[in-house]
Amino acid sequence: MKLLHAHNSPYGRRALLAARFSGLDIQELDVSKDPEARSVLVAAGPSAKIPGLLLDDGTCLCETLIIGRHIDALAPNKLTDHSPEQLEIEGIASVLMDAIYKRSKERLAEDGVPSPTVLKTETDRINRCHDALEARLSGQSAAFNLATIAAVSALGYANWRGADDNWRKGRDGLSAWYDAMMQNKDVAESAPVF
Ligand SMILES: N[C@@H](CCC(=O)N[C@@H](CS)C(=O)NCC(=O)O)C(=O)O
C-alpha cells in the first residue's frame with residue numbers, strides 16, 4: 001500500500017498518522033515534494049485530492065474518513081473503538097478542518113472579494129467546534145486513535161490557517177491536551193510548516 005499525502009495538508013496528516021500508528025507497512029509518498037507522486041495521484045482516481053491510498057491491486061481510495069476506516073480494518077493496532085464518544089470527536093474535527101479549509105479558500109477568492117456570509121458562517125462553525133473540542137478533550141491524556149488524530153490535525157491546521165481565531169484563548173484544557181499530543185514524535189514531525 002502507498003499513501004499519497006502532502007506535508008502541509010491536514011487531511012494528509014490524518015491519513016499519515018493513521019498509517020504510522022496502525023502497525024501496517026505503508027509506503028509514504030509526499031506529493032508536495034515528489035512530482036512523480038502527484039502524477040500517480042492524478043492517474044489513480046478521479047479525486048486527485050490529498051490524501052489517496054493506493055492499494056496493491058491498483059484501487060485508489062479517496063476521502064480521509066474512508067482511508068482511516070480501511071487502514072483500521074487491516075491494522076494490527078486498532079485505531080478506533082467505534083464508541084459514540086470517539087465518533088463524535090472525529091466528526092467534529094472533520095467539520096472543523098473542512099470549515100477552516102473552506103474559509104481559507106474563500107479568503108483567497110479569485111475575484112478578490114470574499115463573501116462576508118461565507119466567512120461569518122465558517123468562523124462561527126470553527127468557534128463552535130473549538131468549544132466542543134474543549135468540552136470533550138480537556139483533562140484527557142494523549143491517546144492515538146482516529147478521533148484524536150483528527151482533532152490534533154485540525155488544531156495544527158488552525159494554528160496555520162486560523163491563527164486569527166486564537167483557539168487556545170480561554171481553552172486551557174484543550175491547549176494542555178494538544179501540547180501533550182505534540183510530545184509524540186510522529187505528531188510533532190507531521191505538524192504543518194509555515
Ligand atoms: N473531503 C476530502 C478533502 C481533501 C482535500 O480537500 N484535500 C486538499 C488538500 S488539503 C486537496 O487535495 N485539495 C486540492 C483540490 O481541491 O483540488 C477528504 O476528507 O479527504
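Counting starts at 1 for both ligands and their atoms, in listed order. Hydrogens, waters and symmetry mates play no part in the numbers below; they use all other heavy atoms, side chains included.
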Tell me whether [X] is salt-bridged to [Y], with the criterion being a basic N under 4.0 Å from an acidic carboxylate O.
X: E106; Y: R103; result: no
X: R128; Y: D124; result: no
X: R69; Y: E90; result: yes

>> Considering non-hydrogen atoms of the protein only, which is the closest contact for atom 9 (C) of ligand 1, and what is the distance?
In response: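 Looking at atom 9 (C) of ligand 1, the protein heavy atom closest to it is S9 OG, 3.7 Å.
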
>> If we count only non-hydrogen protein atoms and require a distance under 4.0 Å, does atom 17 (O) of ligand 1 qualify as touching the protein?
In response: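 Flag for atom 17 (O) of ligand 1 set to false, no protein heavy atom closer than 4.0 Å.
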
Less than 3.5 Å between some nitrogen or oxygen of [X] and one of ligand 1, yes or no?
X: I50; result: yes
X: K49; result: no
X: Y101; result: yes
X: E63; result: yes

> Is a side-chain N or O of S138 found less than 3.5 angstrom from the main chain of A135, in a donor-acceptor match?
Replying inline: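 The answer is no, because no donor-acceptor pair under 3.5 Å joins these two groups.
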
> Any side-chain donor paired with an acceptor under 3.5 Å for R13 and S190?
Replying inline: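 S190 and R13 do have a side-chain donor-acceptor pair below 3.5 Å.
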
> T64 and K49: side-chain contact (heavy atoms from CB on, under 4.5 Å), yes or no, with the steps?
Replying inline: CA-CA 10 Å; T64 306; K49 288 189 183 181; over 6 Å; no

> Is the closest heavy atom of P51 to ligand 1 under 4.0 Å?
Replying inline: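 Right, P51 reaches ligand 1.
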
> In terms of atom number and element, which parts of ligand 1 are under 4.0 angstrom from non-hydrogen atoms of T64?
Replying inline: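 Once the distances to T64 are compared, the set is 18 (C), 19 (O), 20 (O).
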
